[in-house]
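Written out below as structure tokens is the structure these notes cover.
Fair warning: this is a prediction, and the values are worked out from it, not measured in the lab. Below, chains carry the letters A, B, ... as their sequence lines are ordered, and counting in each starts from 1.
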2 protein chains.
Amino acid sequence: MGRHREFDLEKVLDAVLCVFWRKGYEGTSYADLTEAAGVERPALYSAFGNKEALFRQALARYDERYLGYIPEALQLPTARQVAAHILHKAVDLNTRYPDHPGCLGINGALAGSDEAEPVRRALIDFRAAGQAQLRERFERAKDEGDLPQAAKPDALAAFVMAVTHGIAVQAKAGFSRDMLEAVAEQALSAWPAGSSAPSGASS
Amino acid sequence: MGRHREFDLEKVLDAVLCVFWRKGYEGTSYADLTEAAGVERPALYSAFGNKEALFRQALARYDERYLGYIPEALQLPTARQVAAHILHKAVDLNTRYPDHPGCLGINGALAGSDEAEPVRRALIDFRAAGQAQLRERFERAKDEGDLPQAAKPDALAAFVMAVTHGIAVQAKAGFSRDMLEAVAEQALSAWPAGSSAPSGASS
DNA sequence: GTTTTTCCATAACGGCCGTTACTAAACCAC
DNA sequence: GTGGTTTAGTAACGGCCGTTATGGAAAAAC
């Protein structure tokens with residue numbers, strides 16, 4: 001039934017993802033995308049739909065390829081370890097690729113024209129989902145005595161996310177990995193102590 | 001000699017500033033600007049120069065009109081008070097105007113097309129200048145014993161800025177003021193204690 | 001081998017971008 | 001009042017945007 005596709009869908013999506021990561025959603029043009037992917041415009045349209053659909057698929061791939069450390073972190077025994085794991089992995093992710101520093105969720109769309117509002121909304125929801133996972137994990141920690149009864153899981157989750165976002169902003173500004181590690185360490189130095197740690201030592 | 005300007009330069013700049021604040025640099029078009037300012041395009045060009053020059057003047061006005069709390073904070077007696085003042089005022093600034101939440105420095109340009117790189121650079125320098133002020137202030141605090149000898153002023157300054165940036169990102173995502181206050185408080189809860197506080201109680 | 005279906009690529013679409021001639025109007029100096 | 005000068009507003013510029021119609025090449029079906 002007809003001609004075969006001549007390019008690798010995943011490779012193209014990876015190339016597209018890197019461009020979005022570096023230039024944001026609105027800052028990326030189809031000229032950028034075709035150059036990076038080695039595929040002409042109509043092929044991108046037929047394979048992924050329009051620009052917004054393409055970005056959403058790139059975001060999903062970003063999640064599965066680069067954000068695996070979050071579910072990883074959520075399974076650690078103590079809340080502090082969860083936070084530490086997320087913060088340090090975020091530092092690493094934000095500085096690992098000099099060609100596209102920072103993270104897609106922050107770089108992609110903070111401000112921009114009205115037309116891109118749905119995409120910004122998608123990114124906000126994306127971050128909110130991660131934060132909700134974190135909050136639930138901290139609620140469990142509170143039940144387990146790993147966080148003190150006075151701890152506010154939603155505030156702690158928001159704090160960890162805020163530091164993560166701040167790190168992303170600074171990574172995009174060119175901060176060194178060491179400096180970002182120091183930021184993460186400082187954020188952790190005030191972590192509330194619970195009455196009992198379920199298992200393992202702190203990271 | 002010649003015709004008089006029919007509009008108030010400062011009012012126009014304020015209107016322009018609010019648009020940039022809300023939509024970022026690249027996301028703002030001259031159609032947006034003329035509508036908000038009530039002034040036609042050529043008038044903006046003759047009064048402020050091109051779009052980049054206009055943005056830079058808006059940024060300067062943002063500094064003098066909304067970031068006065070930073071020099072204010074730098075004069076407080078203890079480093080912790082400095083950090084607390086900045087964090088809480090940042091929360092306030094980021095949530096005070098529902099029409100343009102977040103802060104101009106973050107909203108303005110995190111990612112975008114290559115053409116806007118000079119503007120992004122200007123914003124990065126802008127933030128770096130603030131961070132350098134903070135670092136110098138913390139170095140003084142270390143000399144005064146207000147911060148422990150082991151404290152790293154540059155890391156502390158980067159941390160305060162990171163939390164500030166994270167708060168800006170979250171404000172733009174619609175977080176409540178209370179939640180952002182909780183984030184700021186959590187950031188402060190780990191503040192390193194010095195051997196002596198020069199004067200006054202902690203905020 | 002012909003037909004049919006699918007994909008690739010050139011090229012073009014209308015629309016908005018930032019920027020600027022150009023013309024008319026308003027003001028000062030004389 | 002007249003001339004010189006600065007501003008205001010209309011309208012247009014070339015260029016890039018995201019998107020798509022179109023025609024030819026390639027592979028499967030018969």
Side-chain angles (χ1 to χ4, degrees), chain A residues 1-13 15-17 19-20 22-59 108-109 111-122, chain B residues 1-13 15-17 19-20 22-59 108-109 111-122:
Chain A
M1 356 190 255
R3 185 174 173 176
H4 299 131
R5 180 172 281 122
E6 291 182 0
F7 56 91
D8 185 332
L9 266 178
E10 296 206 337
K11 282 189 180 180
V12 165
L13 192 54
V16 164
L17 165 56
V19 182
F20 279 132
R22 180 157 47 93
K23 311 188 87 177
Y25 173 68
E26 285 192 317
T28 299
S29 72
Y30 268 93
D32 301 323
L33 294 174
T34 56
E35 186 188 3
V39 164
E40 293 303 321
R41 257 169 270 207
L44 290 178
Y45 273 88
S46 78
F48 302 102
N50 69 0
K51 193 185 180 186
E52 180 174 339
L54 176 55
F55 182 81
R56 289 177 187 274
Q57 288 165 78
L59 182 61
S113 73
D114 289 338
E115 290 76 37
E117 225 277 323
V119 174
R120 281 196 294 279
R121 202 75 238 169
Chain B
M1 315 240 285
R3 186 172 173 174
H4 299 135
R5 181 170 281 121
E6 291 182 0
F7 57 89
D8 184 332
L9 268 176
E10 296 206 337
K11 282 189 181 179
V12 165
L13 193 53
V16 165
L17 165 57
V19 181
F20 279 132
R22 180 157 47 92
K23 310 187 89 177
Y25 174 68
E26 284 192 318
T28 299
S29 73
Y30 268 93
D32 300 323
L33 294 174
T34 56
E35 186 189 4
V39 163
E40 294 302 322
R41 255 170 272 207
L44 290 178
Y45 272 88
S46 77
F48 303 101
N50 69 0
K51 192 185 180 185
E52 180 173 340
L54 176 54
F55 182 81
R56 288 176 187 274
Q57 289 166 76
L59 182 61
S113 72
D114 289 337
E115 290 76 37
E117 223 279 320
V119 174
R120 281 196 294 279
R121 201 75 238 166

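With a 4.5 Å cut-off on side-chain heavy atoms, B:T28 and B:F55 do not count as touching. In this structure the side chain of B:L54 reaches within 4.5 angstrom of the side chain of B:L33, judged on heavy atoms.
For B:D8, the side chain to side chain contact (heavy atoms under 4.5 Å, CB included) partners two or more places apart in sequence, or in a different chain, are B:E10, B:K11. Taking the side-chain hydrogen bond (donor to acceptor under 3.5 Å, both in side chains) definition, one finds that A:K51 meets it with nothing, sequence neighbours left out. Shown here are the side chain to side chain contact (heavy atoms under 4.5 Å, CB included) partners of A:R120, two or more places apart in sequence or in another chain: A:A109, A:A116, A:E117. The side-chain hydrogen bond (donor to acceptor under 3.5 Å, both in side chains) check on A:R56 picks up A:E52, with sequence neighbours excluded. Listed by chain and number, the residues in a side-chain hydrogen bond (donor to acceptor under 3.5 Å, both in side chains) with A:D114 are B:K23 (sequence neighbours excluded). With sequence neighbours left out, the side chain to side chain contact (heavy atoms under 4.5 Å, CB included) criterion links A:A31 to A:S29.
If you take CG of A:L44 and C1' of C:dA9, they are 12 Å apart, rounded to a whole angstrom. Summarising the geometry, the separation between OH on B:Y45 and P on C:dC17 is reported as 12 Å, rounded to the nearest angstrom. Distance, A:R41 CZ to C:dA11 P: 13 Å, rounded to whole Å.
Annotation for B:G27 and B:D32: closest pair O-OD2, 3.7 Å, computed over non-hydrogen atoms. The heavy-atom pair separating B:A58 from B:L17 by the smallest distance is O-CD1, 3.7 Å. Residues B:A15 and B:A36 come closest through the heavy atom pair CB-O, 3.6 Å.
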Distances for protein N or O near nucleotides 5-8 of chain D N or O, under 3.5 Å:
| residue | atom | partner | partner atom | Å |
| --- | --- | --- | --- | --- |
| D:dT6 | O2 | B:R3 | N | 3.2 |
| D:dT7 | O2 | B:R3 | NH1 | 3.0 |
| D:dA8 | OP1 | B:E6 | N | 3.0 |
| D:dA8 | O4' | B:R3 | NH1 | 3.3 |
| D:dA8 | O4' | B:R3 | NH2 | 3.3 |

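Residues from residues 112-122 of chain B that place a heavy atom under 4.0 Å from any atom of DNA chain C: there are none. The stretch residues 24-34 of chain B comes close to DNA chain C through B:T28, B:S29, B:Y30, each having a heavy atom under 4.0 Å from the strand. A heavy atom lying under 4.0 Å from DNA chain D marks the following residues of residues 50-59 of chain A, by number: A:N50, A:K51.
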Donor-acceptor pairs under 3.5 Å, side chain of residues 37-48 of chain A to any protein atom, not counting sequence neighbours: which ones?
| residue | atom | partner | partner atom | Å |
| --- | --- | --- | --- | --- |
| A:Y45 | OH | A:Y30 | OH | 3.4 |
| A:S46 | OG | A:A43 | O | 3.2 |

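B:E26 places no side-chain N or O within 3.5 Å of a backbone atom of A:G112 that could act as its donor or acceptor partner.
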